[in-house]
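Scroll down for the structure; my scribbles are underneath it.
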Amino acid sequence: MVNVDLIRNVVLCGHGGAGKTTIADNFLMMTGAVDGKHSVDEGSSICDFDPEEKKHKYSIEASATNFNYNDLHFNVIDTPGYPDFIGQVAGAMQAVENALIVINAHSGIQSNTRRVFTMAGEHALARMIVINKMDDENVDFPKLVEAIQNSFGTQCVPFLLPNGTGPKFTNVYPVLELEETPVDCPLNAKEIHDHLIEAIVEVDDTAMERYFEGHVPEKEEVHELLIKAARAGTVVPIVCCSAKTGVGLKEILDAIKLCGMSPADMPRTFGNNGDATEFKPDPNGNLIAQVFRTRVDPFVQKLSFIRIFNGQLKRDDSVHASSARKNLKMGALLHVQGEH
């Protein structure tokens, strides 16, 4: 049984064409969760497995995947980016604690970018903005950061900086580790670093007061406050990558480990209206779970995707469902990797 503190449940969301599915596929390949090479363009994506998805080269349904990285277990749900399928995104957000909002570096902020950013905030998810396709030509990273802050607020702060754009994009710099600006960095790293620290300490009145009195917090304190700030939404990290080349993907997973929420970090309530009570996940407690998605599979008929918030679920268990007249008997329980 996996320790809930070591789980990160993540939804990939954003406008169509931002590269969410390619990011998911590359996470799986990079961590060794799947064998071989998988590509949306070649019709071999792990996430876009439906014939219509392969034909049109965009996602129609949410797709569940999972992998292990750096002592953590990641459950990642890749979602469609076009407004017609927004229901798939809404369902996925009920099952996670973290949202990666992906932006196409060339196209910038689009209608669904705004929509999913707001939705993730309404679900109290820890948000992270991912600028993908940094290897495209004519990408203006400083202008993108400015547009993000103008649209979503100054709590959106660069967390990873690129060493360039287009073919020059071969590396990213973690802002918290920078003491001076690299010669190939398009932004003043010292200013970004100071802005990030200020945004982090603002989540704690005592830390903020000490900071403005000249006390620079130690590394451990910064990390503790960063987790608190990201969970409170007072810091929304901006990271960058190229899903196709893989640059920045490892560092994004490191960032999620550093400031993402585990299931134990997000307050949940069970019950309706005045009867609702808050609980923390306990594998030995009563079962609390939710079906967040259902799909009809031509081989195994109806599949229900279940997020377990509390307790355990086993085959042949008899469980109460709020929408059923009698208890339901569980059939086979499956771990899902795309269509497998």
Side-chain angles (χ1 to χ4, degrees), residues 1-13 33 62-79 87-100 119-128 224 227-228 230-233 253 256-295 302-337:
M1 185 182 300
V2 180
N3 182 336
V4 293
D5 291 322
L6 301 179
I7 295 174
R8 296 292 184 273
N9 298 312
V10 182
V11 61
L12 277 164
C13 53
S63 181
T65 67
N66 68 91
F67 56 87
N68 295 319
Y69 173 79
N70 204 359
D71 300 327
L72 295 183
H73 182 73
F74 284 80
N75 295 304
V76 175
I77 305 176
D78 175 43
T79 63
Q88 296 282 326
V89 184
M93 284 189 178
Q94 296 182 60
V96 302
E97 290 79 36
N98 305 279
L100 292 187
M119 285 175 63
E122 290 170 347
H123 282 81
L125 305 183
R127 292 171 288 187
M128 184 176 291
E224 289 176 8
I227 293 169
K228 188 177 178 181
R231 291 167 185 170
L253 294 181
I256 297 172
K257 179 176 183 177
L258 198 62
C259 56
M261 283 199 286
S262 76
D265 295 320
M266 185 170 181
R268 299 271 185 184
T269 56
F270 172 71
N272 296 313
N273 302 323
D275 298 328
T277 56
E278 190 173 304
F279 68 93
K280 284 198 170 184
D282 177 5
N284 299 312
N286 294 326
L287 176 67
I288 301 174
Q290 180 180 9
V291 174
F292 65 90
R293 183 181 168 230
T294 300
R295 70 181 291 262
K302 188 168 76 170
L303 286 173
S304 293
F305 292 74
I306 303 174
R307 167 64 199 272
I308 300 173
F309 297 107
N310 202 65
Q312 300 178 39
L313 188 63
K314 299 175 183 176
R315 181 172 183 154
D316 296 329
D317 277 354
S318 177
V319 302
H320 169 71
S322 60
S323 59
R325 294 182 179 179
K326 59 181 181 179
N327 284 1
L328 304 177
K329 185 177 181 180
M330 291 294 102
L333 300 180
L334 309 171
H335 287 288
V336 178
Q337 195 73 287

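Taking CG from L12 and CG from N98, the interatomic distance works out to 11.0 Å, rounded to the nearest 0.5 Å. To the nearest 0.5 angstrom, L6 atom CG is 10.5 Å from F74 atom CZ. Here K257 contributes atom NZ and N70 contributes atom CG; the two are 3.5 Å apart, rounded to the nearest 0.5 Å. Taken from CD in Q88 to SG in C13, the straight-line distance is 13.5 Å, to the nearest 0.5 Å. Between the CE atom of M261 and the CG atom of L125 there is a distance of 6.0 Å, given to the nearest 0.5 Å.
Remark: A230 engages C259 in a side chain to side chain contact (heavy atoms under 4.5 Å, CB included) (not counting sequence neighbours). For R268, the salt bridge (charged side-chain N to carboxylate O under 4.0 Å, His left out) partners two or more places apart in sequence, or in a different chain, are E97. The side chain to side chain contact (heavy atoms under 4.5 Å, CB included) test applied to A90 returns M119, not counting sequence neighbours. Under the ring pair (Phe, Tyr, Trp, His ring centres under 6.0 Å) criterion, F305 pairs with no residue at all, not counting sequence neighbours. N75 is linked by a side chain to side chain donor-acceptor pair (under 3.5 Å) to N9, H73, counting only residues two or more places apart in sequence or in another chain. Legend: residues meeting side chain to side chain donor-acceptor pair (under 3.5 Å) with D265, ordered by chain and number and at least two apart, are R231, S262. Under the salt bridge (charged side-chain N to carboxylate O under 4.0 Å, His left out) criterion, R8 pairs with no residue at all, not counting sequence neighbours. Q94 is linked by a side chain to side chain donor-acceptor pair (under 3.5 Å) to Q290, counting only residues two or more places apart in sequence or in another chain. Residues passing the side chain to side chain contact (heavy atoms under 4.5 Å, CB included) test with K280, sequence neighbours excluded: none.
In this structure, Q337 and A33 approach most closely via the heavy-atom pair NE2-CB, 3.9 Å. Scanning both residues, V11 and V96, for their nearest heavy atoms gives CG1-CG2, 3.8 Å. Between A92 and I77 the shortest heavy-atom distance is CB-CG2, 3.7 Å.
Residue pairs meeting the salt bridge (Lys or Arg N to Asp or Glu O under 4.0 Å) criterion with at least one partner in residues 310-330, sequence neighbours excluded, are absent. Annotation: salt bridge (Lys or Arg N to Asp or Glu O under 4.0 Å) contacts involving residues 62-73, sequence neighbours excluded, are absent.
The closest donor-acceptor contact from the side chain of N66 to the backbone of V336 lies under 3.5 Å.
Taking the six-membered ring where the residue is Trp, F279 and F270 present perpendicular rings, their angle passing 60° and hence far from 30°.
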